[in-house]
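Only one structure is covered here, and it is reproduced in the block below.
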Amino acid sequence: MKGKLVLLFLFGIANLMQAQLIPVSYNLNNRELINVALPNTEKIKYPFNSSNELMLMHRSQWTGLDQGPRWSGLSYSYMIDDNARAGGSFYHESFGAVRTFFVSGHYAYGINLSKEHQLIGGANIRYNLNQINTSKSSIRNPGDPLLADNPSSSHLSFTPGICYIAVLTASDIVISLGASFHNAVGTSFSKVPTLTSVQALVVHGSFIRFLSRGYKDLSSFEMGFVHRRYSSISDDTHLYGKYSWKGRLSARPGFRFGTTEGIRLHALHLDIGVPIGNLVKWKNKSIDINYVFELPFAANPGAIGTTHEVSIIALF
């Protein structure tokens with residue numbers, strides 16, 4: 001039942017939309033999948049200014065669901081100066097019979113509206129190569145384009161984003177609001193573009209309140225949301241709260257609700273973060289480790305399984 005569900009879901013999208021739902025991972029720790037203009041607001045908890053940020057991540061979504069989404073990749077950003085940063089990423093995602101390889105470059109620049117307010121604009125250019133492994137398909141439909149003998153497809157897309165950041169030092173509050181339009185412009189390089197990138201609108205916001213004057217002991221609480229809407233395919237809203245204890249441990253519970261092709265895919269999740277750099281008192285570098293456990297629930301609780309995600313972010 002689980003294998004048939006994911007394949008019906010995947011093939012239904014390809015038949016009706018001639019497109020693929022990629023990337024489908026709903027993680028919060030990969031800011032590029034939310035908004036390339038969104039900076040790492042948690043850097044404020046460190047006493048040094050880092051020029052480099054490296055992120056490694058693996059996500060196994062709906063574990064137990066045969067051929068469910070798997071996501072692995074890395075991303076690097078370099079702070080050119082106080083206002084500009086650039087970088088790139090490489091990652092791989094598989095979902096059923098579809099495998100996709102992504103390579104992207106990104107750039108963001110911030111304009112200081114005042115001492116405490118900044119407006120950041122950014123964009124990335126992403127190339128993806130899509131491949132079909134029909135040996136993993138247990139459903140046969142002679143008219144299905146996914147099962148035809150056609151070559152791999154490739155696609156180049158452009159994603160812009162904008163973000164507003166306020167660091168209100170007098171009240172120890174950090175506020176962020178932003179939006180991005182994924183795959184706003186794209187072009188295919190394949191004779192038969194069986195799989196193409198899907199446009200998605202992402203809106204997000206967060207409110208962080210530090211519990212000590214001047215961010216001294218780094219305890220804080222945060223409230224935030226992320227809303228994604230993939231063109232005519234799915235919508236997803238993520239609400240979360242987060243508590244950080246003295247910059248040494250954080251817990252972020254959240255609730256995600258939405259639908260995909262008419263299937264309700266709601267979930268509860270818990271994200272545990274450990275900033276090792278603060279624990280061992282490194283002076284000019286840090287490593288943050290986050291583990292996410294997500295429990296989905298739907299009309300048929302046995303249809304999909306749990307999700308596990310591990311991310312490592314290094315600042316140096």
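A quick note: this is a predicted structure, and the numbers were derived from the prediction, not measured.
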With rounding to the nearest 0.5 Å, note down the distance linking [atom1] in [X] to [atom2] in [Y].
X: I272; Y: Y291; atom1: CD1; atom2: OH; answer: 10.0 Å
X: L113; Y: I165; atom1: CG; atom2: CD1; answer: 11.0 Å
X: H204; Y: S176; atom1: NE2; atom2: OG; answer: 6.5 Å
X: L177; Y: S206; atom1: CG; atom2: OG; answer: 7.5 Å
X: Y127; Y: L156; atom1: OH; atom2: CG; answer: 8.5 Å
X: N128; Y: S153; atom1: CG; atom2: OG; answer: 7.5 Å

Aromatic contact between H269 and H238, with the criterion being ring centroids under 6.0 Å apart: yes or no?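 Ring centres of H238 and H269 closer than 6.0 Å.
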Answer yes if the ring centres of H308 and F293 are under 6.0 angstrom apart, and no otherwise.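 Yes; F293 has its ring centre under 6.0 Å from that of H308.
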Please examine the side chains of [Y] and [X], heavy atoms only from C-beta on, and report whether any two atoms are closer than 4.5 Å.
X: N29; Y: V292; value: yes
X: L54; Y: N52; value: no
X: I34; Y: R228; value: yes
X: V274; Y: L279; value: yes
X: K43; Y: M79; value: yes
X: L56; Y: Y91; value: no
X: S220; Y: L218; value: no
X: I312; Y: I287; value: yes

Looking at [X] and [Y], what are the two nearest heavy atoms and their distance?
X: M55; Y: N30; answer: CE-CG, 3.9 Å
X: L129; Y: S154; answer: CD1-CB, 4.2 Å
X: L239; Y: F257; answer: CD1-CE2, 4.1 Å
X: S286; Y: W282; answer: CA-CE3, 3.9 Å
X: V203; Y: F225; answer: O-CE1, 3.7 Å

Do [X] and [Y] have a side chain donor and acceptor closer than 3.5 Å?
X: S180; Y: N35; value: no
X: S75; Y: H106; value: no
X: S188; Y: H155; value: no
X: E116; Y: T169; value: yes
X: D235; Y: T259; value: yes
X: Q199; Y: N183; value: no

Cluster link [X] to [Y], ILVMFWY, side chain under 4.5 Å:
X: L270; Y: F255; value: no
X: M223; Y: I175; value: yes
X: V174; Y: L119; value: no
X: W245; Y: I276; value: no
X: V280; Y: L315; value: no

Kindly write out the residues that satisfy salt bridge (Lys or Arg N to Asp or Glu O under 4.0 Å) with E53, not counting sequence neighbours, or none if the list is empty.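 Listed in chain order: R31.
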What's the verdict on side-chain contact (heavy atoms from CB on, under 4.5 Å) for L74 and Y76, showing C-alpha distance, side-chain angles and the deciding distance? CA-CA 7 Å; L74 62 88; Y76 171 77; 5.5 Å; no
Test side-chain hydrogen bond (donor to acceptor under 3.5 Å, both in side chains) on N130 and T100 and set out the steps. CA-CA 4 Å; N130 312 297; T100 301; 3.1 Å; yes
Table please: side-chain donor-acceptor pairs of residues 80-90 below 3.5 Å, with sequence neighbours left out.
unit_1 : atom_1 : unit_2 : atom_2 : d
D81    : OD1    : N83    : N      : 2.8
D81    : OD1    : A84    : N      : 2.8
N83    : ND2    : G110   : O      : 2.9
R85    : NH1    : V36    : O      : 3.4
R85    : NH2    : V36    : O      : 3.1
R85    : NH2    : A37    : O      : 3.2
R85    : NH2    : L38    : O      : 3.1
S89    : OG     : E32    : OE1    : 3.0
S89    : OG     : E32    : OE2    : 3.2
S89    : OG     : S104   : OG     : 2.5

Taking only residues two or more places apart in sequence, or in another chain, which ones meet [X] in a side-chain hydrogen bond (donor to acceptor under 3.5 Å, both in side chains)?
X: D172; result: none
X: N290; result: D271
X: S212; result: D217

Is there a side-chain contact (heavy atoms from CB on, under 4.5 Å) between F207 and I173 once you walk through the steps? CA-CA 7 Å; F207 173 92; I173 290 174; 3.6 Å; yes
With side-chain hydrogen bond (donor to acceptor under 3.5 Å, both in side chains) as the criterion, how do H227 and T237 come out once you've worked through the C-alpha distance, each side chain's angles and the decisive distance to 0.1 Å? CA-CA 4 Å; H227 174 74; T237 301; 2.7 Å; yes
Can you confirm if the NZ or CZ of R252 lies within 45° of the ring axis of Y240 and under 6.0 Å from the centre of its six-membered ring?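 Relative to the ring axis of Y240, which defines the angle, R252 lies inside both limits.
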For F221 and L211, run side-chain contact (heavy atoms from CB on, under 4.5 Å): C-alpha distance rounded to whole Å, both residues' side-chain angles, the deciding distance at 0.1 Å, then the answer. CA-CA 8 Å; F221 69 84; L211 303 179; 3.7 Å; yes
Let me see the working for T307 and R59 under side-chain contact (heavy atoms from CB on, under 4.5 Å), right down to the final yes or no. CA-CA 7 Å; T307 293; R59 182 177 176 92; 3.5 Å; yes
CZ (R248) with more than 12 external heavy atoms under 6.0 Å: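 Atom CZ in R248 is not packed in, count stays at 12 or less.
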Without swapping roles, check the side chain of S219 against the backbone of K246 for a donor-acceptor pair under 3.5 Å.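 Indeed, once roles are kept as given, a pair shorter than 3.5 Å links the two residues.
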Can you classify the ring geometry of Y46 versus F48 as parallel (below 30°), tilted (30 to 60°) or perpendicular (above 60°)?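 Taking F48 first and then Y46, their aromatic rings sit tilted (interplane angle of 30° to 60°).
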Partners meeting ring-ring contact (aromatic ring centres under 6.0 Å, His included) with Y164 (sequence neighbours left out):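 Scan of Y164 (ring-ring contact (aromatic ring centres under 6.0 Å, His included), adjacent residues dropped) gives H117.
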